[in-house]
Protein chains: 4
Amino acid sequence: MKRYELRGMNGVESLQVADAPMPTPGPGEALVRVHAVSLNYRDLLVVSGMYPGSPPLPLVPTSDGAGEVAAVGPGVDRVKVGDRVAGTFFESWVSGRLTERDMATARGGATQGMLAEYVVSHADALVRVPDHLSFGDAATLPCAAVTAWHALFEVAPLRPGETVLVLGTGGVSIFALQLAAMAGAQAIVTSSSDEKLERARGLGAATTINYKKTPDWEIAVREATGGAGVDRVIEVGGPGTFQKSLASLRVGGRLSLIGILTGFAGGVEVVPILLGSLHVDGIYVGSREMFESMNRAIARTKLSPVIDRAFAFADAPAAYEYLRSGAHFGKVVIRID
Amino acid sequence: MKRYELRGMNGVESLQVADAPMPTPGPGEALVRVHAVSLNYRDLLVVSGMYPGSPPLPLVPTSDGAGEVAAVGPGVDRVKVGDRVAGTFFESWVSGRLTERDMATARGGATQGMLAEYVVSHADALVRVPDHLSFGDAATLPCAAVTAWHALFEVAPLRPGETVLVLGTGGVSIFALQLAAMAGAQAIVTSSSDEKLERARGLGAATTINYKKTPDWEIAVREATGGAGVDRVIEVGGPGTFQKSLASLRVGGRLSLIGILTGFAGGVEVVPILLGSLHVDGIYVGSREMFESMNRAIARTKLSPVIDRAFAFADAPAAYEYLRSGAHFGKVVIRID
Amino acid sequence: MKRYELRGMNGVESLQVADAPMPTPGPGEALVRVHAVSLNYRDLLVVSGMYPGSPPLPLVPTSDGAGEVAAVGPGVDRVKVGDRVAGTFFESWVSGRLTERDMATARGGATQGMLAEYVVSHADALVRVPDHLSFGDAATLPCAAVTAWHALFEVAPLRPGETVLVLGTGGVSIFALQLAAMAGAQAIVTSSSDEKLERARGLGAATTINYKKTPDWEIAVREATGGAGVDRVIEVGGPGTFQKSLASLRVGGRLSLIGILTGFAGGVEVVPILLGSLHVDGIYVGSREMFESMNRAIARTKLSPVIDRAFAFADAPAAYEYLRSGAHFGKVVIRID
Amino acid sequence: MKRYELRGMNGVESLQVADAPMPTPGPGEALVRVHAVSLNYRDLLVVSGMYPGSPPLPLVPTSDGAGEVAAVGPGVDRVKVGDRVAGTFFESWVSGRLTERDMATARGGATQGMLAEYVVSHADALVRVPDHLSFGDAATLPCAAVTAWHALFEVAPLRPGETVLVLGTGGVSIFALQLAAMAGAQAIVTSSSDEKLERARGLGAATTINYKKTPDWEIAVREATGGAGVDRVIEVGGPGTFQKSLASLRVGGRLSLIGILTGFAGGVEVVPILLGSLHVDGIYVGSREMFESMNRAIARTKLSPVIDRAFAFADAPAAYEYLRSGAHFGKVVIRID
């Protein structure tokens with residue numbers, strides 16, 4: 001079988017296709033025939049050596065994959081051959097609190113990932129995917145969708161009528177937009193592209209702001225909420241946008257810190273957190289229990305993930321480059337036929 | 001000005017129109033020109049002397065009314081003349097915990113109600129109503145809609161994909177159905193009328209059950225949820241339905257005890273609460289803060305309350321009788337022109 | 001090795017000592033040399049065939065045991081030989097929501113229990129016990145203490161200054177008293193024995209009530225709280241005490257339904273739940289995560305479990321009879337030397 | 001009657017004693033004979049013109065005062081003449097969410113404060129104080145103690161066995177230490193003074209760290225928790241300590257941002273919030289409902305506030321200077337005899 005391996009971390013060129021022996025599931029494990037993976041910004045950090053920790057080399061990259069159970073090891077009754085499944089981001093985080101131990105099981109970073117024809121996974125780290133989703137659709141869920149779900153419905157559940165500021169139109173942001181709309185909330189979306197904003201409106205965004213044309217977008221956000229500020233921000237920019245995100249919140253509002261697209265560096269002023277009685281929550285993907293709650297919602301409301309573009313397995317490096325370009329709207333997928 | 005007064009509590013016939021002097025708002029108070037009231041099952045208990053406590057006689061009945069601010073007393077800046085408002089059910093419950101003191105301010109029961117051309121209310125006990133609602137629409141909100149909102153979004157917020165069992169098609173139940181649908185949840189509705197069930201499907205019910213034809217409806221509910229049971233029950237029947245409602249819940253599910261349409265009497269077995277790790281919450285309408293959160297959701301999603309029938313002021317007794325007949329679907333309203 | 005086995009369910013006389021082969025831990029499992037078990041009221045139901053479900057026969061009884069890890073199977077790194085551990089009540093409930101699947105792993109009922117010199121357990125179903133506790137002390141924790149902890153700190157955490165009504169002086173109740181005192185809350189304890197009430201005061205009870213001498217103890221509870229009612233009730237009686245427990249609560253108070261010492265039968269009036277905006281939560285022991293949170297609290301505050309009497313392994317039937325007599329205060333333990 | 005007035009904001013020298021007419025309580029108001037006030041760091045900001053917003057001049061300073069009700073206006077039944085009371089920090093925040101409207105009622109900053117022989121207050125903005133407290137004791141509560149209570153028990157209630165890092169030994173910090181101990185939690189306290197640390201141990205601190213001698217105190221904190229990090233930080237330093245406070249937390253831990261003793265300026269890195277799944281909550285004193293919950297806990301556990309030094313009314317400026325010196329341990333009080 002074939003898989004991608006990172007033998008160094010010098011960028012996308014470090015991605016190499018390699019032959020590997022077919023793995024065998026041990027006790028409690030399942031063998032999954034992977035049909036699709038999706039990419040996350042974090043996967044760009046991994047190939048560049050910028051991801052925290054020291055990934056084991058050679059590393060099979062990417063956290064997100066979906067496929068079919070091909071075999072199960074002894075003692076597995078949670079899944080069976082033929083089940084359509086996706087893997088969880090953290091192989092050991094089933095429910096309850098995230099622990100340091102769980103953090104050492106992040107696929108495609110701390111442990112082996114999904115960009116392979118076959119992978120072995122703990123059966124406890126697989127979830128069944130909604131029937132109406134293709135494998136490509138399902139592969140978009142483990143990191144981006146679960147992160148958005150966790151931020152919106154697990155820390156303090158979003159309620160109808162609340163307002164959510166969504167920064168940009170990447171994977172997490174588009175899921176946040178779709179999930180907010182599903183829950184009767186109002187999304188405000190920012191982007192530098194009017195075309196992307198138009199697409200966001202098509203997905204249910206109540207208000208859109210071109211942050212290139214409106215650099216003081218936090219003021220526009222407040223205006224769009226009658227001066228009050230939003231209830232929530234899904235903050236994916238990190239240091240470069242954090243300050244304006246805080247300024248967009250109502251008194252007592254909540255910021256979910258999810259990503260650092262603007263980089264690691266840069267200090268922010270925290271006094272506004274105090275003066276506005278704000279809440280800031282670091283969101284690091286989510287547990288299997290969250291994933292399953294989300295899947296139920298996706299299945300029942302027939303939510304359709306937004307895939308910008310799907311690449312062939314052989315073109316995985318091009319998929320990485322495309323993600324890096326920032327041209328995407330929603331998710332970038334790699335098919336493994 | 002005219003108003004209805006109860007001078008005894010011998011049933012609907014105790015309702016009498018009376019002339020009364022125009023009231024004057026004191027410090028912190030507002031005078032409201034009431035344009036519509038709505039009836040609740042509780043109003044039938046009041047006129048029959050079955051409502052707990054000893055209402056002051058003569059009593060202006062009904063808790064729910066909407067109208068226009070006609071004048072304000074000294075020190076009022078929360079509302080102004082011309083504002084379109086509804087009164088809160090408990091005149092003193094603004095936010096936080098319900099107290100015994102608040103319970104002594106329940107309009108149309110513990111204190112004077114809204115079935116009058118003009119009423120004086122604490123300005124703190126008025127909320128602005130969504131622009132798209134008529135006064136008749138707005139008059140349906142204070143008791144039934146706030147109760148449903150409280151049950152679904154304040155105790156433990158309902159999340160997308162969850163299932164809610166709604167008993168019957170009265171005022172609270174139809175709001176619960178509409179609010180569940182608004183939030184991306186799945187409602188299961190019971191009724192003895194196939195026609196009402198069809199209307200419920202039109203409002204978004206995912207599953208409907210005729211409890212006359214299916215007396216073991218709790219079994220049908222479990223089947224409709226793949227055997228798991230529902231996440232929530234909006235229990236308006238009381239002793240007569242409670243046991244089956246418990247049996248409809250998933251492990252860890254939550255029952256909101258809201259009404260007692262089947263009467264006060266009758267014992268229930270509580271052991272299923274223990275064995276199923278169930279949660280039962282008594283829900284007694286809600287606070288002004290809840291009302292305002294709900295109004296925001298109603299305004300932004302343009303929810304339209306379901307009014308079965310609107311009666312003229314002179315026909316208020318007929319409105320009570322119609323509610324008692326149980327023929328209604330949604331709310332019964334009285335216009336005060 | 002020796003163990004007790006139930007081959008029928010005709011009461012305590014069904015308990016038989018048997019020889020059994022030494023079990024071997026499989027992948028993910030550990031072998032535990034059990035040094036002590038404790039009894040719960042539920043163990044009396046099991047031997048009498050009154051416990052819900054159909055226990056597998058022969059059944060090793062009792063859920064609660066503590067001992068030393070004697071060997072571990074392949075792939076176990078959670079515990080190691082020599083660790084002092086206790087088993088969790090539900091072998092599969094690690095964290096998050098209780099499921100039906102977890103309920104099928106209740107030790108000493110749905111699955112094999114702990115009244116044996118050696119048992120094999122999933123390593124994930126063991127917790128390390130606080131250093132200052134003996135094995136007898138530690139054996140009191142898995143059911144009774146975790147139940148009390150769950151009721152007081154997991155559903156809605158008890159805060160300093162709140163009042164907790166504790167019914168009786170059995171295992172769960174005494175832990176509830178000790179944990180409430182640990183948390184700065186005020187416990188009110190009932191018993192039919194003045195001597196037991198005196199001991200309860202010694203453990204920190206702020207108020208005690210002899211329910212034999214004061215049959216309307218719910219009135220005494222209200223008086224002790226200045227008329228307001230208590231914030232919480234730890235309800236272990238079930239149908240026979242539930243009504244009075246509801247009547248003891250403040251508006252918005254919370255009842256944890258934990259046990260049914262008064263039997264399965266008997267209807268209760270639920271209308272007070274509605275009128276008092278009360279909350280009732282079925283509490284079915286708890287997860288491993290809860291157990292570990294509790295152990296940390298016990299370790300840091302040096303809580304000492306109250307053991308009424310410890311029996312030798314050979315006298316296990318007498319321990320059951322003693323528990324049935326109701327003479328105990330706190331826990332009944334069986335040592336396995 | 002006499003009161004202090006700020007006519008400018010040029011520091012402590014702006015404090016001037018002035019004669020003022022005896023105020024009369026209007027509808028819903030009460031006249032309080034103030035017997036003691038306490039100072040907070042915020043009062044230093046106010047006199048220096050560094051407090052956000054534009055206080056009305058002349059301004060009676062200080063938020064915290066306790067005394068006796070001397071008269072009540074029309075319609076007041078919440079308090080009566082002779083009641084021993086303290087004022088709430090925000091005159092309008094009774095319960096529920098903090099609003100911008102409430103923020104405009106902060107005593108001694110946005111509105112008139114308590115450093116006067118008599119003040120008029122909304123009756124709704126007064127709370128009865130525990131019997132065992134002197135007026136001086138009671139005057140320490142409105143800002144510092146309520147803030148600590150809010151951080152520890154209202155956002156996510158602290159549970160027994162949890163660990164709380166308390167920075168320094170000022171008013172909020174010492175209350176946080178006492179409240180944590182009351183609740184069965186473990187406090188870790190930092191200070192630059194070994195003598196103060198010894199006093200902290202006397203109040204129940206489990207671990208103390210001299211941050212002068214141990215500049216990398218966040219490492220010492222982690223060591224004191226077996227490497228895990230603390231569950232909570234009560235962060236009063238602001239930009240200058242925030243980073244180390246984040247580094248002191250366990251995965252999923254919670255930082256309460258309460259003060260900015262190190263100043264307004266200075267950027268912090270927020271990426272650790274993401275990587276550690278941390279929670280940061282801005283805490284701005286609290287509501288009356290929180291104050292009353294805390295008072296109940298203080299009354300029942302007989303907590304005794306720590307007053308470092310009490311000054312005479314005439315020496316109020318010296319009290320400000322003493323607070324500014326940082327020599328205090330606990331609260332600084334001004335008596336008004």
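Within every chain, numbering begins at 1; the chains are lettered A, B, ... in the order of the sequence lines, protein sequences first and strands thereafter. Given the structure is predicted, the values throughout are model-derived calculations rather than measurements. The figures that follow rest on heavy atoms only: side chains count, while hydrogens, waters and symmetry mates do not.
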J.: Quick one: list whatever passes side-chain contact (heavy atoms from CB on, under 4.5 Å) with D:Ala110, sequence neighbours left out.
T.: D:Ala106

J.: A side-chain contact here means heavy atoms from C-beta on lying under 4.5 Å apart; do A:Ile234 and A:Leu152 qualify?
T.: yes

J.: For side-chain contact (heavy atoms from CB on, under 4.5 Å), just list the numbers for D:Ile188 and D:Val166, CA-CA rounded to whole Å, side-chain angles, deciding distance to a tenth of an Å, and then say yes or no.
T.: CA-CA 6 Å; D:Ile188 299 176; D:Val166 170; over 6 Å; no

J.: Pick whichever of D:Leu274, D:Val270, D:Ile260 has the most heavy-atom pairs under 4.5 Å with chain A.
T.: D:Leu274

J.: Given heavy-atom pairs under 4.5 angstrom as the criterion, report whether the side chain, backbone, both or neither of D:Leu278 touches chain A.
T.: backbone

J.: Which side chain or backbone donor-acceptor pairs connect chain D with chain A at less than 3.5 Å?
T.:
| residue | atom | partner | partner atom | Å |
| --- | --- | --- | --- | --- |
| D:Val268 | N | A:Val268 | O | 2.8 |
| D:Val268 | O | A:Val268 | N | 2.9 |
| D:Leu278 | O | A:Gly282 | N | 2.7 |
| D:His279 | ND1 | A:Asp281 | OD1 | 2.5 |
| D:Val280 | N | A:Val280 | O | 2.7 |
| D:Val280 | O | A:Val280 | N | 2.7 |
| D:Asp281 | OD1 | A:His279 | ND1 | 2.5 |
| D:Gly282 | N | A:Leu278 | O | 2.7 |

J.: Check whether A:Leu255 gets within reach of chain D through its side chain, its backbone, both or neither, counting any heavy atom under 4.5 Å.
T.: neither

J.: State, yes or no, whether a side-chain contact exists between D:Phe175 and D:Val146 at a heavy-atom distance under 4.5 Å.
T.: no

J.: Please state whether the side chain, the backbone, both or neither of A:Ile283 comes within less than 4.5 Å of a heavy atom of chain D.
T.: backbone

J.: Just so I understand: if I count every heavy-atom pair under 4.5 Å between each of D:Gly267, D:Gly282, D:Pro239 and chain A, which residue has the most?
T.: D:Gly282

J.: In sequence, state the C-alpha distance, the side-chain angles, and the governing distance for A:Leu98 and A:Val285, and then conclude on side-chain contact (heavy atoms from CB on, under 4.5 Å).
T.: CA-CA 10 Å; A:Leu98 177 67; A:Val285 197; over 6 Å; no

J.: Of all the heavy-atom pairs spanning D:Leu6 and D:Pro61, show the shortest one and how long it is.
T.: CD1-CB, 4.2 Å

J.: Answer whether the closest heavy-atom distance between the side chains of D:Leu59 and D:Met9 falls below 4.5 Å.
T.: yes

J.: Please give me the minimum heavy-atom distance between A:Phe291 and A:Ala86, naming the atom from each residue.
T.: CZ-CB, 4.1 Å

